[in-house]
Amino acid sequence: MKQRYTILLLLSLFLLLPQLRAEDPADEIIDIVVLNSYHPTFQWTRDITQAIVDEFGHDSRFRISIEHMDTKRFHLPRHLQANVQYYREKYHSIEVDALLCSDNHAFEFALQHGNDIWGQVPVTFCGVSNITDYDIDSTRYKGIREDLNYRATLELIATLQPELEELIVLSDSTLSGQLFSRLFEETAKTMPIDFTYRIIHATDAEKVGAQLCTLNPKNKAIYLLSLYLPRNGATREIIQEAEFLRECLDVPIYGNWDFLFGDFIAGGMVLKGYDQGQAAARLLRARLESERDTLPFLSSVPEYLITDYNVLQRYNLHNTPLPKGSQQINRPENYWQKNQQEIVVVGLTLGFLMVVIMVLLHLLARHRQMEQALKKSENRLEMALEGARIGLWDVDMKQKTLFINSWVATHLNYDDTEMATFHLKNWERNVHPDDQPQLQEAFDMHKKGITPTLDGEARLRTAEGGYKWFSLHGKLISRGEGEEQRMIGILIDIEIQRQFEEQLRRAKERAEESDRLKSSFLANMSHEIRTPMNAILGFSDILLQERNDPTDSQKFLQLIRSSGESLLALINDIIDISKIESGQFSLNLTLFDLHALLSKLEHLAHTLMDQKHKNLRFHIHKGSLSTKLMMEGDPFRIEQILTNLISNAIKFTQEGSITLSYQLEDENLLTFSVKDTGKGIAPEHHQLIFERFRQINPHESSNMGGTGLGLAITKSLVQLMGGDIQVKSQKNQGATFLFRLPCKIYL
Ligand code: ADP
C-alpha cells in the first residue's frame with residue numbers, strides 16, 4: 001500500500017516538473033522594443049526590421065514590439081509629441097527590457113524620451129551616421145557603425161568617369177540629409193579630385209527638377225545622398241525621385257544605399273540595411289546574454305563596392321576596368337555562368353563515364369590481348385602436338401566429360417571430334433580387352449601415388465571397330481581430399497612403330513630359324529655327302545685289292561656309281577637352289593611328248609621302289625588317250641618337278657599306292673597331281689614344307705635321305721613356269737600335291 005503511494009507521488013512530481021520549470025525566472029520573456037525612424041514600406045527600414053525579426057522571431061524567449069515613427073513623412077514637433085504620447089500610453093504597463101533604435105531620428109527620440117517611456121533600459125542602435133556627435137554613456141548605448149564611405153565612392157566616380165567636370169551632390173533637408181551632405185563635404189575636401197562638386201539641399205522636387213534641367217549633362221554626374229521631398233502635398237520615396245531626376249538630367253547617378261541599386265544607380269560603396277539590422281540584433285542578444293558587458297561601443301558591418309552593368313553600359317562607362325574587389329550586378333550571365341551547375345554535373349558525369357569507358361576499354365583490350373595470346377599459344381600447342389603426332393585428352397571424372405583434340409578423332413578414323421567424343425566416353429570399352437588389365441594396373445598404381453604418371457601402351461578401338469596401337473601418358477589432378485578427379489594426358493600413335501617392331505621380331509625369328517635350318521642343312525648335307533662318299537671310297541678300296549671276285553667287283557662298281565649319282569643329285573639340288581636364289585636360273589623350252597616323259601617317270605618310280613624295297617603300286621592317269629601328247633615346255637625341269645614329288649611320295653609311303661595323273665584344262669593349261677597313301681602332312685605344315693631347308697621331322701627325313709630342298713626347288717620351278725603348287729593332305733591320310741602349269745599343248 002505504502003509502495004503504491006510512493007509511486008503515485010513520484011508520477012505526479014514527474015508530471016508537474018514542466019510546470020515548475022516554466023516558473024523559473026531564467027525563462028522569463030524578454031521584451032524588446034524596436035524603434036524605427038521611418039515607415040514600414042521604406043526598403044531600408046524594411047531590411048533592418050526583417051533582419052531583427054529573423055534573429056529573434058524564432059526564439060520564444062523574446063517578444064519583439066516594432067514601432068515606426070515615420071519621420072520621413074511626419075517630422076514636425078507635433079508629430080513627435082504625438083508619438084511620445086502614444087508610446088507612453090502603450091508601454092505604461094509593459095516592462096521593457098531593451099530598446100533597439102534604427103536611424104538617427106529614432107536614436108535621438110530614445111535619448112530624449114526613452115527613459116520616460118521605457119525606463120533606463122540598454123539601448124542598441126544602428127543606422128546612426130553621426131554617432132560621434134553625441135555625448136552618451138557607452139555602456140548603456142552601444143551600436144553599429146554607419147559610416148557612408150564617401151571617399152571610396154568618389155574614387156569609384158573618378159575611375160569610371162575620368163572626364164567628369166562637375167558632380168552634383170543631392171541631399172534633402174531631413175536630419176539625415178543634412179548630416180550626409182556635411183560628412184560628404186568634410187571628406188571631399190581632404191581628397192585630390194579633378195572635378196568640382198555642387199551640393200544641392202533640395203526642399204522641393206519641382207525646383208530641383210527645374211534646376212537640373214538647365215544643366216548640360218556632358219561630363220556630369222549625380223551623387224544621391226538622400227532625397228525625400230514633398231511633392232504635390234505628399235512625401236515621395238527616394239527611388240521615385242531618382243526616376244524623376246533622370247528625366248531632368250540624364251547623367252550617371254551614384255549612391256551608397258543598397259536598396260537604390262538594381263535599375264538606375266551606376267555604383268558606389270554600399271551599406272546594406274539587412275546587415276545593419278542583423279548586426280544590431282546580434283549585438284543586442286549578446287548584451288542580454290553576457291553577464292559582464294565587455295562588448296565595444298561601436299561594431300562594424302561589411303561594405304560593398306558595387307557597380308551596375310546595365311547603367312554603366314547606358315552611359316558608356318563599361319569599358320573602364322573596375323576596381324579590385326568590386327561586385328557588378330545585372331551582368332548578363334554567359335552560358336557557362338547560367339548553366340554552371342548543370343555543366344559541372346554533366347561534365348563530371350561525362351568525365352566519370354569516360355573514365356569508366358576508358359577502364360572498360362582498357363580491360364577489354366587486355367582481355368582481347370590475353371585471349372589472342374591464349375589462342376596463339378593454343379594454336380602453337382595444337383600444331384606442336386600435331387607435328388609430334390601427339391593427341392590430347394582430358395577426362396573430368398566428376399562432370400563425366402571428355403575432351404579430345406581433333407588429332408585423336410582423326411587418328412581413330414572419326415569424321416568429327418564430337419562424334420569421337422561421344423563414342424570414346426566409355427573409355428574402357430574402347431581399349432582392347434587384352435590391354436585392359438595392364439592399363440588398369442598402371443592407372444591404379446598412379447592413383448595410389450606409386451607412379452608419378454600413368455604410362456602404358458594399348459590398342460584403342462577405331463571408328464570401324466578395328467584397333468590401333470597408342471602410347472598413353474596422363475596425370476591425375478586431384479581437387480582435394482576424397483574429391484572426384486580429373487585426368488589430362490596425351491596419346492602417341494605407335495602403330496607404325498609396333499608394326500615395325502613386329503616385322504623386326506618376325507625377321508629375327510626368321511633369321512634364327514634360317515640359321516637353325518642352315519645348321520641343320522649343313523648337318524644333313526655332311527651326312528648326305530659322307531654316306532655316298534664313304535661308299536665310294538670303301539668300295540674303291542676293296543676294288544683296289546685285286547683279289548676280288550669279278551661278280552662282287554661288278555656289284556661294288558654299281559654301288560660306287562649309284563653313290564656318285566646321289567652325290568651328283570645333291571650337288572645339282574644345291575646348284576639349282578643357288579641359281580634360283582641368284583636369279584640365274586633359265587628354262588629351256590622345247591617341243592616334247594609328255595606321254596614319253598610319263599613312261600620314263602614310271603620306270604624311275606619302279607626303280608626307286610625296288611631300291612627301297614617297297615611294295616607299292618604305281619599308277620599313271622593320263623588326261624588324254626592319244627599315244628603322244630606334244631607340248632611346249634622345259635621337259636628336263638618338268639621331269640625334275642615330278643621326280644621330286646614321286647620320290648617324296650615313295651619316301652613317305654610305306655604301303656598302298658602312288659598315283660601320277662594330269663588333266664587337260666584347256667590347250668594352254670595342264671593340271672598335275674601326285675597322290676600317295678603315305679603318312680600325310682598336317683594342315684599347319686602345308687606352307688612350311690615349301691620353304692627351303694624345311695623338314696617337318698628333320699631326323700626322320702634325313703634318315704630317309706633328304707635335304708629339305710626338294711619342295712622349295714619344285715615350287716620355284718613351278719612358279720618360274722608361271723604356275724602354282726599346293727598340297728592337300730591330313731596327317732596319316734596320304735598326300736596329294738597338285739600343280740598347274742600354263743603351257744602350249746598341241747592336240
Ligand atoms: P626332303 O629332301 O627332306 O624330302 P623336301 O623339300 O622334298 O625335302 O620335303 C620337305 C618335307 O616335306 C619332307 O621332309 C617331309 O617331311 C615332307 N613331305 C614331302 N613330301 C611328302 C609326302 N609325300 N608325304 C609326307 N610328307 C612329305
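These numbers come from a predicted model, not from an experiment. We count ligands from 1, going down the list as the structure has it; atoms in each ligand are counted the same way.
Looking at Ser661 and Ser673, their side chains do bring a donor and an acceptor atom within 3.5 Å of each other. Side-chain contact annotation: Asp444 with Gln440, donor-acceptor N/O pair under 3.5 Å present. Looking at Glu495 and Gln499, their side chains do bring a donor and an acceptor atom within 3.5 Å of each other.
Close approach of ligand 1 to Gly710 (heavy-atom distance below 4.0 Å) involves ligand atoms 5 (P), 6 (O), 7 (O). Within the listing of ligand 1, atoms 25 (C), 26 (N), 27 (C) sit less than 4.0 angstrom from a heavy atom of Ile681. The distance from ligand 1 to the heavy atoms of Ala649 drops below 4.0 Å at these ligand atoms: 23 (N). Atom numbering of ligand 1 starts at 1 in the shown order; those under 4.0 Å from a heavy atom of Phe737 are 20 (N), 23 (N). Residue-ligand proximity, Ile689 to ligand 1, at heavy-atom distances under 4.0 Å covers atoms 12 (O).
Residues Ile681 and Ile689 have side chains in contact (heavy-atom distance under 4.5 Å, counting atoms from C-beta outward).
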| request: Test His473 against Ile492 for side chain to side chain contact (heavy atoms under 4.5 Å, CB included), laying out the working first. | output: CA-CA 8 Å; His473 305 274; Ile492 302 169; 4.1 Å; yes

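On a distance-only criterion, Gly680 and ligand 1 share no N/O pair closer than 3.5 Å. Annotation: Asn648 places an N or O atom under 3.5 Å from an N or O atom of ligand 1; distance criterion only.
Taking a 4.0 Å cut-off on heavy atoms, Phe690 fails to register as neighbouring ligand 1. Ligand 1 lies out of reach of His685, whose nearest heavy atom is not under 4.0 Å from it.
Residue Tyr662 is tested with Lys622, His595, His621 for a side-chain hydrogen bond (donor to acceptor under 3.5 Å, both in side chains); the sole match is His595.
Of the candidates Leu709, Asp676, Thr653, Thr714, Asp676 brings a heavy atom nearest to atom 23 (N) of ligand 1.
Glu502 and Arg498 are not joined by a salt bridge, as no carboxylate oxygen comes within less than 4.0 angstrom of a charged side-chain nitrogen.
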